[in-house]
Amino acid sequence: MSLAYVALGANLGDPASTIRAAFGALANLPASRVARCSSLYRTAPVGLANQPDFINAVALLDTTLAPPELLAELLDIECRFGRRRREKNGPRSLDLDLLLYDERRLDLPELTLPHPRLHLRAFVLQPLAEIAPDLRLPGRGYIAAWLPAVANQSIVRL
């Protein structure tokens with residue numbers, strides 16, 4: 001089994017209910033099991049500011065799916081939750097990002113591991129640190145070292 005960390009985010013409809021339902025969808029992935037889920041966090045949008053706040057979380061999966069297979073399953077869940085990719089950083093019904101897969105580094109056209117911006121976003125680091133406080137980010141050191149760098153970003157644990 002491999003350990004995969006998945007970021008969840010939504011800001012359309014009832015985003016808190018969507019994230020909770022998405023945890024359930026992750027629990028139904030083939031060859032995978034949800035090992036841990038973070039609390040929900042309210043965060044201000046990044047990039048396109050004129051949109052509702054997001055609800056974010058992180059889940060840890062034990063999986064035997066290879067990273068590209070897992071990504072395909074995550075994209076399928078997004079579709080089932082009504083995700084339409086209209087504009088970069090725009091509002092979304094559900095966003096699922098594969099953050100880390102063991103300590104693998106991968107650079108494919110459709111998938112980069114570790115996620116290239118995970119260390120820059122409070123909405124990823126805070127819930128990730130909640131469920132894995134001693135986590136080492138491949139090539140970047142321990143997660144705790146990155147938390148001060150995002151301390152000025154708006155995030156509230158629900």
Side-chain angles (χ1 to χ4, degrees), residues 1-49 51-63 65 67 70-71 73-83 89-104 111-138 140-158:
M1 291 292 251
S2 292
L3 298 179
Y5 291 89
V6 177
L8 302 87
N11 73 338
L12 295 176
D14 181 353
S17 293
T18 298
I19 298 300
R20 288 186 193 100
F23 282 144
L26 291 173
N28 290 318
L29 286 174
S32 303
R33 149 184 109 71
V34 174
R36 280 184 234 140
C37 295
S38 75
S39 301
L40 303 185
Y41 292 80
R42 178 177 309 282
T43 62
V46 173
L48 186 61
Q51 60 180 314
D53 284 351
F54 280 83
I55 302 298
N56 296 98
V58 169
L60 170 60
L61 305 177
D62 286 326
T63 187
L65 295 173
L70 180 55
L71 178 63
E73 293 287 346
L74 297 177
L75 294 174
D76 182 61
I77 292 171
E78 285 183 354
C79 273
R80 285 187 273 137
F81 277 77
R83 174 75 188 268
N89 296 322
R92 58 203 78 161
S93 56
L94 181 63
D95 186 32
L96 299 174
D97 288 327
L98 184 53
L99 301 172
L100 298 161
Y101 189 100
D102 289 333
E103 292 191 15
R104 281 199 199 176
L111 177 61
T112 301
L113 290 173
H115 189 286
R117 292 174 303 284
L118 79 92
H119 64 290
L120 302 173
R121 309 283 199 231
F123 65 82
V124 172
L125 287 178
Q126 283 293 126
L128 191 55
E130 177 190 334
I131 65 172
D134 298 322
L135 182 67
R136 266 183 58 86
L137 304 176
R140 301 209 179 268
Y142 289 97
I143 194 168
W146 288 95
L147 291 171
V150 298
N152 63 331
Q153 295 178 21
S154 172
I155 184 166
V156 176
R157 186 175 176 179
L158 301 182

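Being a predicted model, the structure only gives us computed values, none of them experimental. The figures that follow rest on heavy atoms only: side chains count, while hydrogens, waters and symmetry mates do not.
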Requested in this report: Check the pair L40, F23 against side chain to side chain contact (heavy atoms under 4.5 Å, CB included), reporting the backbone distance first and the verdict last.
Outcome: CA-CA 11 Å; L40 303 185; F23 282 144; 4.1 Å; yes
Report task. In sequence, state the C-alpha distance, the side-chain angles, and the governing distance for L120 and V150, and then conclude on side chain to side chain contact (heavy atoms under 4.5 Å, CB included). Result -> CA-CA 7 Å; L120 302 173; V150 298; 5.5 Å; no
Report task. Specify the closest pair of heavy atoms between G9 and F54, including all atoms of both residues, with the distance to one decimal. Result -> C-CD2, 4.4 Å
**Report entry** Spacing of CD1 belonging to I55 relative to CZ belonging to R20, to within rounding of 0.5 Å
**Finding:** 8.5 Å
Query raised in the report: How long is the span from the CD1 atom in I77 to the CG atom in L26, to the nearest 0.5 Å?
Result: 4.5 Å
Report task. Say whether, by atom type as modelled, one donor and one acceptor occur between the side chain of R33 and the main chain of D62 under 3.5 angstrom. Result -> no
Query raised in the report: If you measure from CG on N11 to CG on D53, what distance do you get to the nearest 0.5 Å?
Result: 8.5 Å
Query raised in the report: Does V58 offer a backbone N or O that forms a donor-acceptor pair with the side chain of S38 under 3.5 Å?
Result: yes
Query raised in the report: Rounded to the nearest 0.5 Å, what separation is found between the CE atom of M1 and the OG1 atom of T63?
Result: 6.5 Å
Query raised in the report: Side chain of Q51, backbone of R92: donor and acceptor closer than 3.5 Å?
Result: no
Query raised in the report: Does the side chain of L135 come within less than 4.5 Å of L100's, by heavy atoms?
Result: yes
Requested in this report: Report yes if the side chains of V124 and Y5 come closer than 4.5 Å at any heavy-atom pair, otherwise no.
Outcome: no
**Report entry** Interatomic spacing from CD in E130 to CD1 in I143 - rounded to 0.5 Å
**Finding:** 11.0 Å
Query raised in the report: F81 and T18: side chain to side chain contact (heavy atoms under 4.5 Å, CB included), yes or no, with the steps?
Result: CA-CA 8 Å; F81 277 77; T18 298; 3.8 Å; yes
Query raised in the report: Under the 3.5 angstrom rule, does the side chain of E78 hit a backbone N or O of L96 as a donor-acceptor pair?
Result: yes
Query raised in the report: Between the main-chain N or O of R140 and the side-chain N or O of W146, is there a donor-acceptor pair closer than 3.5 Å?
Result: yes
Query - Heavy-atom closest contact (S93 atom, G82 atom, distance) - result: OG-C, 3.2 Å
Query - Point-to-point distance, once rounded to the nearest 0.5 Å, from CG of L75 to CG of L98 - result: 10.0 Å
